[in-house]
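Within every chain, numbering begins at 1; the chains are lettered A, B, ... in the order of the sequence lines, protein sequences first and strands thereafter. Hydrogens, waters and symmetry mates are skipped; everything else that's a heavy atom, side chains included, is used. Fair warning: this is a prediction, and the values are worked out from it, not measured in the lab.
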Amino acid sequence: MAYWLFKSEPDVFSFDDLIAKGDKGEQWDGVRNYQARNNMRAMKVGERGFFYHSNIGKEVVGICEVVAPAHPDSTADDPKWECVDLKAVAWVKTAVTLDDAKAEPRLAEMILVNNSRLSVQPVSDAEWQVILDMAGGTRAI
DNA sequence: GCCAACGTTGGC
DNA sequence: GCCAACGTTGGC
């Protein structure tokens with residue numbers, strides 16, 4: 001079971017917005033980057049990822065789950081751009097900020113810390129656990 | 001609002 | 001196929 005991280009600017013699409021979509025979730029559209037798309041192609045239904053607020057907050061705020069495998073992005077004019085569907089699963093108890101992650105030696109290799117521009121990225125099992133611990137676990141949405 | 005980092009495009 | 005120019009992202 002792989003873990004992931006999804007970035008969004010909260011004034012465009014926040015974790016609250018994803019919660020509002022309910023169990024059916026919402027397609028993670030708008031990605032126009034090959035690396036990010038390839039990461040989504042590798043996802044399986046049921047896999048989970050962190051939801052990260054970029055620009056405003058710069059913190060991991062929640063956990064989401066893949067509810068549909070990669071399919072063409074309906075907002076793209078070229079079918080080569082694909083996306084998965086996501087639903088919200090839980091809040092983290094305490095948001096983990098980018099500063100927190102940078103200050104944690106066990107996260108030194110994390111893509112979030114090293115490549116700020118990749119919007120959909122894999123997270124290792126170890127990194128997943130470290131961030132969950134830093135967040136003090138989760139709470140219900 | 002600025003700018004560094006990165007990815008993509010297009011001329012050669 | 002290289003590389004300069006350009007556009008975009010996202011931290012500061």
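- Looking at the side chain of A/Q35, the nearest of the listed nucleotides C/dG10, B/dG7, C/dG11 is B/dG7.
- Per the geometry, CZ belonging to A/R32 stands 18 Å off P belonging to B/dG7, to the nearest Å.
- Checked for salt-bridge contact, A/D99 and A/K58 miss the test: no charged N lies under 4.0 Å from a carboxylate O.
- Not one side-chain nitrogen or oxygen of A/Y34 sits closer than 4.0 Å to the OP1 or OP2 atom of B/dC6.
- Computed from coordinates, the A/W81 CH2 to C/dT8 C1' distance equals 13 Å when rounded to whole Å.
- Side-chain contact annotation: A/K80 with A/Y34, donor-acceptor N/O pair under 3.5 Å present.
- The distance between atom CD of A/E9 and atom C1' of C/dT9, rounded to the nearest whole Å, is 8 Å.
- The side chain of A/K102 lies closest to C/dC12, out of C/dG10, C/dC12, B/dG7.
- Here the P atom of nucleotide B/dA5 and the CG atom of A/N115 are 12 Å apart, to the nearest Å.
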Could you go through A/W128 and A/M1, starting from their C-alpha distance and side-chain angles, then the distance that decides it, and tell me whether this counts as side chain to side chain contact (heavy atoms under 4.5 Å, CB included)?
CA-CA 12 Å; A/W128 181 267; A/M1 205 65 145; over 6 Å; no
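- Taking atom CZ of residue A/R117 and atom C1' of nucleotide B/dG7, one finds them 6 Å apart after rounding to whole Å.
- The interatomic distance linking A/L5 (CG) with C/dG10 (C1') rounds to 14 Å, in whole Å.
- Between the NZ atom of A/K7 and the P atom of C/dT9 there is a distance of 11 Å, given to the nearest Å.
- Here the side chain of A/D85 pairs no donor or acceptor atom with the backbone of A/P69 at under 3.5 angstrom.
- Taking atom CE on A/M110 and atom P on C/dG11, their separation rounds to 12 Å, with Å as the unit.
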